[in-house]
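Counting from 1, the numbers follow the sequence of the chain as shown. This is a predicted model, so every value here is computed, not measured.
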Amino acid sequence: MTPPCDTQAPPLKGRKSFRHKLWAFIALVMAAAAGCAVAPKTLSIKGQPTRLMENTILKTDTASVVTRQQMIADLARHRVVYVGESHTNPSHHAIQLEVIRALAQNTSNLVIGMEMFDHTYQAVLDRWVAGELDETAFLQQTHWYANWRFNFGLYRDILEYAKEKGIRIIALNVPFHIPPRIRVGGIASLSEADRRHLPAVINTTDAGHRAYLQEIFNLHAFRGRDTFDFFYEAQCTWEDAMAEAVADHPGPGTMVVLAGNGHIIRKFGIPNRAFARVNAPFKTVYLASVGDEAELSWADYLWVTPDQRMPHGRMMGGVKKKK
């Protein structure tokens with residue numbers, strides 16, 4: 001008879017005998033051989049009884065599970081598709097590439113917008129796609145490890161695919177030194193040189209977005225950056241700058257926007273701000289790791305992913321491609 005997973009040897013008084021030690025060892029071996037059932041991690045949905053397994057895609061307006069093909073067919077009908085990420089989760093970048101590949105087969109004139117580059121590097125991105133730069137030169141000329149700094153290996157396959165297929169990449173961000181300066185002293189503290197990089201419109205009136213950022217602000221200690229109004233101005237500058245770039249470069253086909261989940265959640269970051277500028281129909285895909293809880297309001301689609309995060313700190317080394 002196979003012992004249950006929680007089987008333990010009976011309590012003993014005094015010194016354990018060899019016989020009892022042997023019994024405990026046999027019980028453990030038998031339990032391991034039987035394979036104690038370990039419940040797999042799932043994603044829970046707030047207010048919903050169902051738990052979702054890895055690789056499940058939930059269409060949130062109907063709270064129904066759909067296939068990849070069904071989701072892609074829907075995304076292909078829209079001008080802008082936002083695919084979020086947790087920056088250090090390799091599975092998220094693999095999914096982003098999967099979406100890009102699928103849309104490239106279903107739509108013409110695909111463009112990729114990336115949070116990872118600021119607009120001053122657009123010419124470098126154009127040279128990369130044209131095949132004029134190798135990886136070393138690209139990393140040097142985009143100052144990757146001075147700006148974005150996350151392990152380049154996480155993004156390599158996406159960038160290589162864009163080069164291979166000649167898909168234009170649009171730099172969405174403001175120069176990376178600007179938001180930290182706003183967090184410290186507000187927009188009013190910026191120099192004229194810095195102000196030239198700001199979007200024409202910066203909307204700080206979205207109550208839902210403000211409440212969301214207030215919660216995040218309250219959970220962290222920001223030494224020297226303890227004024228929430230400045231923190232919120234910086235975040236809105238970030239969102240509106242990327243929204244302006246999306247609105248300026250949708251092109252005749254579909255733009256796939258790659259950005260952190262926090263920029264697409266509930267659509268009040270980049271998506272709604274870009275739509276207010278250009279009225280281009282869009283969809284959002286939030287990549288949610290198992291073990292977490294998500295909400296239907298977060299995106300048009302919730303894609304359940306493994307929890308495969310690399311170390312949280314930004315890394316200086318590359319990830320070698322498998323040969």
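- Here the side chain of E293 pairs no donor or acceptor atom with the backbone of S44 at under 3.5 angstrom.
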Quiz prompt | Step-by-step side chain to side chain donor-acceptor pair (under 3.5 Å) determination, Y155 to E85 | solution = CA-CA 11 Å; Y155 299 88; E85 64 177 63; 2.6 Å; yes

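- Between Y82 and F282, the angle of the ring planes goes over 60°, which puts this pair in the perpendicular group of the 30/60° scheme.
- Test L75, L58, T60 against Y301 for side chain to side chain contact (heavy atoms under 4.5 Å, CB included) and you get one pass: L75.
- Between atom CD of residue Q235 and atom OG1 of residue T204 there is a gap of 13.0 Å, rounded to the nearest 0.5 Å.
- Counted by atom type alone, D118 and T120 present one or more donor-acceptor pairs between their side chains at under 3.5 Å.
- Looking only at distances, no side-chain donor or acceptor of N89 sits under 3.5 Å from a matching main-chain atom of A288.
- Checked against the 6.0 Å centroid threshold, F150 and W144 do not count as a close aromatic pair.
- A274 and A243 make their closest contact through N-CB, 3.4 Å (heavy atoms, listed as atom of the first residue, atom of the second, distance).
- Distance alone, capped at 3.5 Å, places no donor-acceptor pair between the K283 side chain and the R77 backbone.
- Here the side chains of D157 and H93 are not in contact, with every heavy-atom distance at 4.5 Å or above.
- Look at R277 and D248 and you find no salt bridge, because none of the NZ, NE, NH1 or NH2 atoms lies under 4.0 Å from a carboxylate O.
- Atom CD of E215 is surrounded by 12 or fewer heavy atoms from other residues, nucleotides or ligands within 6.0 Å.
- Between the side chain of Q96 and the backbone N or O of G84, at least one donor-acceptor pair lies under 3.5 Å.
- A donor-acceptor contact shorter than 3.5 Å links the side chain of R273 to the backbone of N203.
- Side-chain contact between E115 and W148 is present, with heavy atoms from C-beta onward closer than 4.5 Å.
- With hydrogens and angles ignored, the 3.5 Å screen pairs no side-chain donor or acceptor of R68 with any backbone N or O of I57.
- A single hydrophobic cluster is seen to contain both V304 and W298, as judged by linkage of ILVMFWY side chains at heavy-atom distances under 4.5 Å, directly or through other members.
- When the side chains of ILVMFWY residues are joined at heavy-atom separations under 4.5 Å, either directly or via intervening members, I202 and F275 end up in two distinct hydrophobic clusters.
- Under the 30°/60° scheme for interplanar angles, the aromatic rings of F268 and H209 are found to stand perpendicular.
- Using modelled atom types, no side-chain atom of N173 and backbone atom of F117 make a donor-acceptor pair closer than 3.5 Å.
- You'll find the side chain of W303 reaches within 4.5 Å of the side chain of M71, heavy atoms only.
- Closest heavy-atom contact between A102 and N106: O-ND2, 2.6 Å.
- The closest side-chain heavy-atom distance from H249 to V111 is not below 4.5 Å.
- Panel note: side chain T107, backbone L110; no donor-acceptor pair is recorded below 3.5 Å.
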- Task: For H87 and L154, run side-chain contact (heavy atoms from CB on, under 4.5 Å): C-alpha distance rounded to whole Å, both residues' side-chain angles, the deciding distance at 0.1 Å, then the answer.
- Result: CA-CA 8 Å; H87 301 313; L154 293 163; over 6 Å; no

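- The shortest distance between side-chain heavy atoms of L302 and I45 falls below 4.5 Å.
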Using the rule given for side-chain contact (heavy atoms from CB on, under 4.5 Å), can you reason through V66 versus D74, listing the C-alpha separation, both sets of side-chain angles and the distance that settles it, and then say yes or no?
CA-CA 11 Å; V66 297; D74 182 25; over 6 Å; no

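- One hydrophobic cluster, built from ILVMFWY side chains closer than 4.5 Å, cannot hold both V174 and L190; they sit in different ones.
- Relative orientation of the Y121 and H143 rings is perpendicular, given thresholds of 30° and 60° on the angle between their planes.
- Closest of all the heavy-atom pairs between M53 and P40 is CE-CG, 3.6 Å.
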> Between T136 and Q140, does a side-chain contact (heavy atoms from CB on, under 4.5 Å) hold up when you go through it step by step?
Replying inline: CA-CA 6 Å; T136 299; Q140 292 171 348; 3.6 Å; yes

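- The closest side-chain heavy-atom distance from S289 to Q308 is not below 4.5 Å.
- Proximity of H197 to H119: side-chain heavy atoms (C-beta onward) are separated by under 4.5 Å at one or more points.
- Residue H177 comes nearest to P180 through the heavy atom pair O-CD, 3.4 Å, listed as atom of the first residue, atom of the second, then distance.
- A side-chain donor from one of Q122 and D126 sits under 3.5 Å from a side-chain acceptor of the other.
- Both Y161 and L159 are assigned to one and the same hydrophobic cluster, defined by single-linkage of ILVMFWY side chains at heavy-atom distances under 4.5 Å.
- Using cut-offs of 30° and 60° for the angle between ring planes, the F152 and F138 rings count as tilted.
- Within the 4.5 Å cutoff, the side chain of Y145 has heavy atoms near those of the N151 side chain.
- Note on ring orientation: taking the six-membered ring where Trp is involved, the planes of F217 and F228 are perpendicular (angle over 60°, cut-offs 30° and 60°).
- Between T142 and L139, the shortest heavy-atom contact is OG1-O, 3.6 Å.
- Without hydrogens or angle criteria, T254 side chain to H78 main chain gives a donor-acceptor distance under 3.5 Å.
- A donor-acceptor distance shorter than 3.5 angstrom exists from the side chain of E233 to the backbone of I187, with no hydrogens or angles considered.
- Between D292 and K41 there is no salt bridge, since no side-chain nitrogen of the basic residue lies less than 4.0 Å from a carboxylate oxygen of the acidic one.
- Scanning both residues, I182 and A234, for their nearest heavy atoms gives CG2-N, 3.4 Å.
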